[in-house]
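Remember, it's a predicted structure, so these values are computed and weren't measured experimentally. Each chain gets a letter, A, B and so on, in the order the sequences are listed, and its residues count up from 1.
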Amino acid sequence: MKLTLKDGKIIEFSEKLTAGDAAKSISEGLYRNALCVRVDGQLKDLSYTLDKDCVFEVVTFDDEDGKAVYRHTTAHVLAQAVKSIYPTVKLAIGPSIENGFYYDFDFVSKLGTEDLEKIEAEMNKIIKANLPIERSVLSKKEAAKAFKEFGEDYKLELVNDLPDGSEVTVYKQGDFVEMCRGPHLPSTGKIKAFKLVSLAGAYWKGSEKNKMLTRIYGTAFLKKADLDEYLTALEEAKRRDHNKLGRELGIFMTDENIGQGLPLLMPKGAKILQILQRFVEDEEEKRGYLLTKTPLMAKNNLYKISGHWYHYKDKMFILGNEETDDEVFALRPMTCPFQYSIYNNGLKSYRDLPKRYAETATLFRNEASGEMHGLIRVRQFTLSDGHIICTPEQLEPEFKGVMDLIYFLLRSMGLTEGVSFRFSKYDPNDKEKYINDPVAWERSQAILKSIIDNMGIEYEEAVGEAAFYGPKLDIQYKNVHGKEDTIITVQIDFALAEKFGMSYIDENGEKKLPYIIHRSSIGCYERTLAMLIEKYAGALPLWMCPEHARVMSLTDRTIEKVKELQLRLNAAGIRTAIDVRNEKIGYKIREGQMEKIPYMLVIGDKEAESGVVSVRSRNDGDLGVMTVEEFIALAGKKISERDCK
RNA sequence: GCUGAUGUGGCUCAGUCGGUAGAGCAGUUCACUCGUAAUGAACAGGUCGGGGGUCCGAUUCCCCCCAUCAGCUCCA
């Protein structure tokens, strides 16, 4: 029997043996770290019997699969511990996830955070006992019978969902049995460092129609030091959290009397958004967009035509009552039908196309109360919204134009690293959410796919993430908690033009339906700001800082000079504030540093006399003295170039 | 909306096993006029998230709201 190793080396064995023994004989060191193996690319337990030629690979914790197996086994230990402390609990599922694992339980009584320690103690007992983990195979029937006996309703449901005649693998450790595809570590004692991190609710099978179970999150590492490092990194990440940092820096606040999801942008935050908005609107104008300004509300008729009323009525802020009022209004949740109405004003020829409409749109969406999060999910927000109405031939170049604008903006903000692309498609089985026109869906998805493939964009496909009227290309960004959000989206709409009676006259004098691209350029300003705060830990690139420089007096003798310099810098396009309080310079510097002011300029008697300034950068510390002209050149260049370093 | 947690001066937090609260920072005033991440002193600042209930008495116990955080679900 020949085993082909990863490096191409071939090892021969005279008789069959377990994967663990094979690994052991190949390399003592590697074996010590082997968690499981890959046989012909398939993950197997160390107890797996090798009986024919194969490609053989040892899987360690350095391997993503190895981490997953290690953590998955920890999840089993968690389940065993919970089961032994709370015998009435019912088990659901417990997979490994990025950076850890979770397990869902159905508890009879409530579980509190303080119970986690008790569970950890029990887990430690199980690990110390070093119970062997044994795999066996049951028929569907046998498994169903066993889980029914144990009263494991959720496991039973999972078994019953399997096709008839299929086999079920179960893993046994001590008196604890768990249905699982595996593989697993050979024994519970292999787990060295773990921690239960948090407690949360989660719906059975991910559907809110089902019962909410109790989910316990945890993580596990090979070494205690690695676990500690991971937990410290989590704490570090929280320090960058825009929701904390943004409030500390005076960028935004909330007020319980104003309401959930309604952040107030304070002077600094408002200034940043103004800077970004001017930048985006100017850039859009350069690229042939026409600015519109449309109402913040409309009669519900409008949303009935678009279909939004039927899809999203319960997420709209409605003014009036359909039963009793002649007219019912709703705050706008999107801009599309307003710009379509503008398009429809006057007959359009193919010569008029493409029409590129853009608007910095205030939108309102009544998000569920538990969804709100800082500046990322809010009920009122500002979207750089826009619609391009074009002929079929113009669709691809226009889409490319949109992507070019988006790249330009992302680059200007230094956000190109860390974004990923998602091709969001419809779900053919979801007749509720999507317009029922499979032919149009397939056609428009094929068009979008061909465009983005031609552009060489790497993306993930996501079924069931499309808008109800068409497929999307979403630009995704991860926040400090690792949660991914869409920051920008570009959509192809095959449905709404017809609903709104939009048309153009083609070369042959025939009336045609245009294509529509729904697009954002910088996304939702509030959310983009949140991502910027987290990316730069509050120290935003100079060009978008509300305060570029702060001039500080060393003593009261130089206050007048400080004020003069402020005027001069402001005139040169450098947003400048002053600090002439009667405080020590170290104190003023410390404050400026904590507020992440890019440049702090100090004027004492020496500078005042020779007409220079002492410059300190928030990143590089004291830069020494320079003339005012030199400073203006230095800062001015970085501002105009939108230097993000 | 659901699960769990949290809510005490502008901020960070302590405290009260039921007898109307305390610190540090920030603020104000005074002194110091100072050289690149905190000068010193004094003063001022709180309906203990809101509303009900129990009690002689509630910030503390109970109920209902509101807001905040993590997760689930949702996201045109």
Side-chain angles (χ1 to χ4, degrees), chain A residues 102 104 107 110-116 197-217 238 241 243-244 247-248 250 253-262 303 306-316 332-337 363 365-374 376-377 383 385 433 465-470 472 474 481 483 485-486 489 491 493 496 518 524 552-559 582-595 600-607 614-618 621-625:
Chain A
Y102 67 78
D104 287 348
F107 278 89
K110 278 191 179 175
L111 194 73
T113 322
E114 63 282 359
D115 297 316
L116 292 183
V197 179
S198 62
L199 202 57
Y203 298 106
W204 168 237
K205 289 184 172 172
S207 167
E208 62 180 332
K209 293 190 181 82
N210 293 335
K211 185 168 184 188
M212 177 155 277
L213 308 174
T214 304
R215 175 171 295 179
I216 298 176
Y217 282 95
K238 278 186 196 151
D241 188 340
N243 205 5
K244 191 165 160 38
R247 291 170 199 266
E248 279 170 9
M253 58 172 277
T254 49
D255 185 307
E256 60 176 316
N257 292 317
I258 289 169
Q260 245 195 327
L262 297 170
Y303 311 114
S306 66
H308 287 93
W309 187 257
Y310 307 106
H311 284 273
Y312 298 104
K313 187 181 160 188
D314 56 334
K315 289 284 180 74
M316 284 161 77
R332 66 169 176 193
M334 32 70 212
T335 330
C336 335
L363 304 179
R365 293 180 187 179
N366 194 0
E367 305 283 6
S369 61
E371 302 299 343
M372 256 65 77
H373 173 68
I376 289 181
R377 270 302 269 290
L383 184 71
D385 208 354
K433 186 173 170 183
E465 292 289 344
F468 74 85
Y469 46 70
K472 309 192 284 179
D474 294 320
H481 300 289
K483 188 167 174 169
D485 264 303
T486 301
T489 174
Q491 311 165 356
D493 174 355
L496 297 188
H518 297 235
C524 158
M552 301 167 176
S553 54
L554 187 70
T555 68
D556 290 352
R557 289 189 297 277
T558 55
I559 289 179
N582 179 12
E583 295 288 354
K584 288 196 166 176
I585 197 64
Y587 182 86
K588 296 183 187 181
I589 295 279
R590 178 182 147 83
E591 229 167 61
Q593 199 71 42
M594 288 197 303
E595 286 179 53
M600 286 160 274
L601 311 183
V602 177
I603 299 189
D605 290 332
K606 278 188 279 177
E607 289 82 3
S614 172
V615 180
R616 182 190 167 96
S617 135
R618 67 181 172 194
D622 197 345
L623 302 181
V625 291

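- Pairing for B:rG57 is absent, judged as Watson-Crick or G-U wobble with the two contacts each under 3.5 Å.
- Distance check on atom P: B:rU54 versus B:rC63 gives 15 Å, rounded to whole Å.
- Contact annotation: side chain of A:Y203 to base of B:rG1, donor-acceptor pair present below 3.5 Å.
- Comparing A:G374 and A:M594 by the nucleotide of RNA chain B whose heavy atom lies nearest to each, the residue mapping closer to the 5' end is A:M594.
- Using a 4.0 Å heavy-atom distance criterion, A:K315 is classed as a base contact.
- Side-chain atoms of A:K238 and A:K244, non-hydrogen and from C-beta on, never get closer than 4.5 Å to each other.
- Counting non-hydrogen atoms under 4.0 angstrom, A:F468 reaches nothing in the nucleic acid.
- Here A:H373 does not reach the OP1 or OP2 of B:rU68: none of its side-chain N or O atoms lies under 4.0 Å away.
- Under the Watson-Crick or G-U wobble criterion, with both distances below 3.5 Å, B:rA26 is left unpaired in every strand shown.
- Nucleotide B:rA31: paired with B:rU39 (Watson-Crick or G-U wobble, both distances less than 3.5 Å).
- If you take CD of A:E248 and P of B:rU12, they are 7 Å apart, rounded to a whole angstrom.
- At least one donor-acceptor pair closer than 3.5 Å links the side chain of A:Q593 to the backbone N or O of A:R618.
- Nucleic acid contact class of A:Q260 (heavy atoms, under 4.0 Å, all strands): sugar-phosphate only.
- Rounded to an integer number of Å, the gap from CD of A:E583 to C1' of B:rU29 is 13 Å.
- Between A:A368 and A:K433, the residue whose closest nucleotide on RNA chain B is further toward the 5' end is A:A368.
- Between B:rU33 and A:Y587, no contact under 4.0 Å exists linking OP1 or OP2 to a side-chain N or O.
- Contact annotation for A:H308: base contact, defined as any heavy-atom pair under 4.0 Å involving a base atom.
- Counting any heavy atom pair closer than 4.0 Å across all strands shown, A:R557 reaches sugar-phosphate atoms only and no base atom.
- Within the nucleic acid shown, A:N210 has no heavy atom closer than 4.0 Å to any nucleic acid atom.
- The partner of B:rC75 is absent, by the rule that a Watson-Crick or G-U pair needs both atom distances under 3.5 Å.
- Among the nucleotides B:rG71, B:rU39, B:rA76, the one closest to the side chain of A:M212 is B:rG71.
- At a threshold of 4.0 angstrom between heavy atoms, the contacts of A:G206 are confined to the sugar-phosphate backbone, with no base atom among them.
- Spacing between B:rU8 and B:rU12 at atom C1', rounded to whole Å, works out to 12 Å.
- One C1' atom belongs to B:rG19, the other to B:rC13, and the distance between them is 25 Å to the nearest Å.
- The side chain of A:E256 approaches B:rC66 more closely than any other nucleotide in the set B:rA37, B:rC72, B:rC66.
- B:rA38 sits 15 Å from B:rG27 when the P atoms are compared, rounded to a whole Å.
- Atom NZ of A:K588 is separated from atom C1' of B:rA26 by 17 Å (rounded to the nearest Å).
- In this entry B:rA70 has B:rU3 as its Watson-Crick or G-U wobble partner, both defining distances falling under 3.5 Å.
- Judged by Watson-Crick or G-U wobble contacts below 3.5 Å, the nucleotide B:rU16 has no partner.
- Formation of a donor-acceptor pair under 3.5 Å by the A:R590 side chain with backbone atoms of A:G586 is not found in this model.
- Only one option out of A:E371, A:R332, A:M334 pairs with A:R365 in a side chain to side chain contact (heavy atoms under 4.5 Å, CB included); it is A:M334.
- Nucleic acid contact for A:G370: base, since at least one base atom lies under 4.0 Å from a heavy atom of the residue.
- In this structure, of B:rA76, B:rG35, B:rC74, it is B:rC74 that holds the atom nearest to the side chain of A:E371.
- Out of B:rA76, B:rG71, B:rA37, the shortest distance to the side chain of A:R365 is found at B:rA76.
- Across the protein-nucleic acid pair, A:E591 atom CD and B:rC11 atom P stand 17 Å apart, rounded to whole Å.
- Rounded to an integer number of Å, the gap from CG of A:D255 to P of B:rG10 is 12 Å.
- A:K238 comes within 4.0 angstrom of no nucleic acid atom, judged by non-hydrogen atoms across all strands.
- Between A:H308 and A:F468, the two ring planes are perpendicular [angle over 60°; tilted spans 30° to 60°].
- If you check B:rC75, B:rA37, B:rU68 against the side chain of A:N243, the one that comes closest is B:rU68.
- Contact of the A:R247 side chain with the A:T254 side chain is registered, since non-hydrogen atoms from C-beta on lie closer than 4.5 Å.
- On the P atoms, B:rG51 is 10 Å away from B:rU59, given to the nearest whole Å.
- Residue A:K472 has its side chain nearest to B:rA76 when only B:rA76, B:rG35, B:rG27 are considered.
- Separating the C1' atom of B:rU3 from that of B:rU60 is a span of 27 Å, rounded to the nearest Å.
- The separation of B:rC48 from B:rG9, taken at their C1' atoms, amounts to 10 Å, rounded to a whole angstrom.
- The distance between atom CZ of A:R590 and atom C1' of B:rC34, rounded to the nearest whole Å, is 18 Å.
- Residues A:R616 and A:V602 are not in side-chain contact: their nearest non-hydrogen atoms beyond the backbone lie 4.5 Å or more apart.
- Using a 4.0 Å heavy-atom distance criterion, A:R215 is classed as a sugar-phosphate-only contact.
- Residue contacts for A:L554: at a heavy-atom cut-off of 4.0 Å it reaches a base atom on one of the strands shown.
- Put simply, A:Y217 does not rest on the base of B:rG71: the two rings are not both less than 5.5 Å apart at their centres and under 30° in tilt.
- Contact record, A:K472 with A:Q491: CD-NE2, 3.3 Å, taken as the closest heavy-atom pair.
- A:I603 pairs in a side chain to side chain contact (heavy atoms under 4.5 Å, CB included) with only one of the listed residues (A:L554, A:T558, A:T555), which is A:T558.
- Residue contacts for A:E607: at a heavy-atom cut-off of 4.0 Å it reaches a base atom on one of the strands shown.
- Summarising the geometry, the separation between CE on A:M372 and P on B:rU73 is reported as 17 Å, rounded to the nearest angstrom.
- Counting only heavy atoms from C-beta on, A:R616 has its side chain closest to B:rA37 among B:rA37, B:rG35, B:rA76.
- Distance alone, capped at 3.5 Å, places no donor-acceptor pair between the A:R215 side chain and the A:A200 backbone.
- Residue contacts for A:S369: at a heavy-atom cut-off of 4.0 Å it reaches a base atom on one of the strands shown.
- For the C1' atom pair drawn from B:rA23 and B:rA44, the interatomic distance equals 16 Å after rounding to whole Å.
- Here the C1' atom of nucleotide B:rA5 and the CD1 atom of A:I216 are 15 Å apart, to the nearest Å.
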